[in-house]
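The next block holds one structure in the form of C-alpha cells; read it before the comments.
Atom set for the values below is all heavy atoms of this structure, side chains included, hydrogens, waters and symmetry mates excluded. Chain letters run A, B, ... following the sequence lines, proteins first and then strands; every chain starts at 1.
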There are 2 protein chains.
Amino acid sequence: MKFRVEKNLKSEDLLNFIDEALKKRAFLILNACCRVEYKGRAVSRLGLGERTVIIKSDGSFLIHQNVNLEPVNWQPPKTKFKVELDNDKVIITGSRQKPKEKLEVKIYTAYVSSYHIGTDTKSLELAGYEQDMVDLVYKNPEIIENGFRATSTEYSTSNGFIDILGKDKNGNLMILEFKSRRAGVNAVKQLKRYIDNFLDHKKQVRGLLVAPSVTDEALELLEKYELEFKELEPPRELEKDKSLTLDFFSRNE
Amino acid sequence: MKFRVEKNLKSEDLLNFIDEALKKRAFLILNACCRVEYKGRAVSRLGLGERTVIIKSDGSFLIHQNVNLEPVNWQPPKTKFKVELDNDKVIITGSRQKPKEKLEVKIYTAYVSSYHIGTDTKSLELAGYEQDMVDLVYKNPEIIENGFRATSTEYSTSNGFIDILGKDKNGNLMILEFKSRRAGVNAVKQLKRYIDNFLDHKKQVRGLLVAPSVTDEALELLEKYELEFKELEPPRELEKDKSLTLDFFSRNE
DNA sequence: CATTAGATTTCGGCA
DNA sequence: TGCCGAAGTCTAATG
C-alpha cells in the first residue's frame, strides 16, 4: 500500500496535498478544524469544529464528527471536487448533478492529512462463502484435478491476493480464482491480471476460474485469454453456520 | 487537537496503540490489510484486502473499502471492544448486546495508525424537511388554496397520524399528506387509508397530497381514488436565517 | 425501554 | 437511466 502522511500542513501545502490525492484517486483522510455547508436535497450548516473528512477513490465524500455511525454530512460516489484557497483557508467543494447538490468544507486547521492507495479486490459475502470454497480446495486439492497440489493461499500481487497458487501434476504453475456465485467477466479479468503478474515465468502458467457457473460472456473471455473454468459449488454452510452462531452465542453467556 | 500518528507498526506496538486510543476514548483510524467477519443480525465475511478501520469516541465501529459511501461493515455506537494478539496478528472485536452481534477485524499489516482527540460542540442545522413544510402550511394555510384553514396537526387515526387536518372555504374536511421529495404510490396509498377513516363523514372529504412532485404512477392512482395533488417545495431556509432570536444565540461561537 | 416514521437515506436489481 | 424495494438500515422523537 502506498501512502503519505503529513502533520500540521499550512494552507498552501494542504492545497497541494489534497490536489495530489485527488489526482491519484487516492483515499484521502483529513483531521481538521472546519466549517461545513450543504445545499441540495436539503440545506444544512455546521459551525466550527474538529472533524474527520474523507474522500474515497470513487468520489464518495464523508464528514464524520466524533460521534454517531453516520457521517454528519456526505455526498455519494462520483462527486466532482474543486479545491481552492480563500483568505488563506482551503475550501473543498464537492458537486453533483442529479440531484444538483453541493457540499463545501472550509478548513481552518489541518492536523493530520493522509492519503493512501490500497488494493482491495474482495467484496462482501453475505450469503455465499468464497472462503469456504478456498478452504475446501486447499484441504482437498484433488477436487480441482488429479495431481493438483496447492502451494499457497492469499499470495500477494500488485493486483490483489491470489486465492490459491499451486502446481499441476506436470509442475505447471496454477493460479486459482474463486467465486461463490455465477462468475462474470470481471472475475475473468481479475484472473487475467494475476496471470499477467507471472508473464516472465519459465514454465506454462495455467489460470483457473473456480465457480458454480459462469456467464456466457465470461466463458467467451476465458477462451480468448486461454484460461480454464472449473465448476464447483460452494460447500453448504448451513450446518457450519449454525454451530458457529451457537458457539458465538454460548461463548458470551 | 491532540493526536498521534504512527507508520508501519508491528503487531505488539499496534496492539498497544489501539489500547491507548480506546482508553483515551479517541477517534481511531487504521489503514490496514485485514479480514473482517460479522455475526449477528446477519453473517458476513470479507476476505483479505486493504481498508480503513475507524473507531469513534462513542464506540461507533466502521470499516470502509475504497468505494461506496457506506461502510462495508460496521457496528453502531456503544460497541464494546476487545483487542488481542493471535498468531502475531492483532484482532479487534467489537461486541454489542441487543441485538447480540459481533464484528471481528483481523489485521495482517497496519500501514498508517492514528488517533486524535478533538473538540466539536456544534451540531448540524438542517432545513428542508417534511416537518418544515407542515409548519409552513400550518402557519400560512393560504398557500394550499384560497380559504383553506388548518384545524389540527398530527391527527391520530388507526392508520397513523394525519399531517394536517383542515377545512376548505366550503367547510369540506381536508386531509393533507406531506412529502418533502417526489411522492410515489406509497404516499397516495397512505393518503387513501386516511380518507377511509372518514368514510362515514357527512360532508365531502378531500384528500390532498402535498409534495414538490409526483411520479406518473402516483398521479394515476390519485385520479383513480379521486384525490388531489398540490405542488409545494419544502422551505430551504435555515432557522438561523428566519429567526432573530436564534441568530442572537448562535452569534457567539 | 420499545415503537415508529423519516432520511440529503444508500444500494442493488431489473425493466 | 429510472423506479422499486430492501437494509445488519440509522436516528431522533415519542409513549
Taking the nucleotide of DNA chain C with the nearest heavy atom to each, does B:Glu130 or B:Arg181 sit closer to the 5' end?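 The 5'-side residue here is B:Glu130.
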Looking only at side-chain N and O atoms, does [X] come under 4.0 Å of OP1 or OP2 in [N]?
X: A:Ser44; N: C:dT8; result: no
X: B:Asn186; N: D:dC4; result: no
X: A:Arg96; N: C:dT8; result: no
X: B:Trp74; N: D:dC10; result: yes
X: A:Lys98; N: D:dG2; result: yes
X: B:Arg41; N: D:dC10; result: yes

Any N or O donor-acceptor pair under 3.5 Å from the base of [N] to the side chain of [X]?
X: A:Asn73; N: C:dT8; result: yes
X: B:Glu101; N: D:dG8; result: yes
X: B:Gln75; N: D:dG8; result: yes

Ranking A:Leu124 and B:Ser60 by the position along DNA chain D of their nearest nucleotide, the one closer to 5' is A:Leu124
Report yes or no: is the ring centroid of B:Tyr38 under 5.5 Å from the six-membered base ring centroid of D:dG8, with the two planes under 30 degrees? yes
To the nearest angstrom, how far is [X] atom [atom1] from [N] atom [atom2]?
X: B:Leu126; N: D:dA13; atom1: CG; atom2: C1'; result: 15 Å
X: B:Gln97; N: C:dC1; atom1: CD; atom2: C1'; result: 16 Å
X: B:Lys100; N: D:dG8; atom1: NZ; atom2: C1'; result: 16 Å
X: A:Leu103; N: C:dT8; atom1: CG; atom2: C1'; result: 10 Å
X: B:Glu154; N: D:dG15; atom1: CD; atom2: P; result: 10 Å
X: A:Glu70; N: D:dA7; atom1: CD; atom2: P; result: 17 Å
X: A:Leu69; N: D:dA7; atom1: CG; atom2: P; result: 18 Å
X: A:Asp58; N: C:dT10; atom1: CG; atom2: P; result: 13 Å

Between C:dT8, D:dC3, C:dC11, which one does the side chain of B:Asn68 approach most closely? C:dC11
Between D:dG8, D:dC3, D:dC10, which one does the side chain of B:Ala42 approach most closely?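 Nearest to the side-chain atoms of B:Ala42, counting from C-beta on, is D:dG8.
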Flag the pair [X] and [Y] as a salt bridge only when some basic side-chain nitrogen lies within less than 4.0 angstrom of an acidic carboxylate oxygen.
X: B:Glu125; Y: A:Arg45; answer: no
X: B:Glu37; Y: B:Arg35; answer: no
X: B:Lys179; Y: B:Asp163; answer: no

Between A:Phe81 and A:Phe61 (judged by ring centroids, cut-off 6.0 Å), do the two rings come close enough to count as a pair? yes
If you round to the nearest 0.5 Å, how far is CD of B:Gln65 from CD of B:Glu50?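 Here the rounded value is 11.5 Å.
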Report yes or no: do A:Arg193 and A:Gln190 form a side-chain donor-acceptor pair below 3.5 Å? yes
When all nucleic acid strands are considered with a 4.0 Å heavy-atom cut-off, which category describes A:Pro77: base, sugar-phosphate, or nothing?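 The answer is sugar-phosphate, as A:Pro77 gets under 4.0 Å only of primed atoms, P, OP1 or OP2.
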Mind checking if B:Pro76 touches a base, just sugar-phosphate, or nothing, with heavy atoms under 4.0 Å? base
Euclidean distance for C1', D:dA7 against C:dA7 (whole angstrom):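 Pairwise C1' distance, D:dA7 against C:dA7, rounds to 13 Å.
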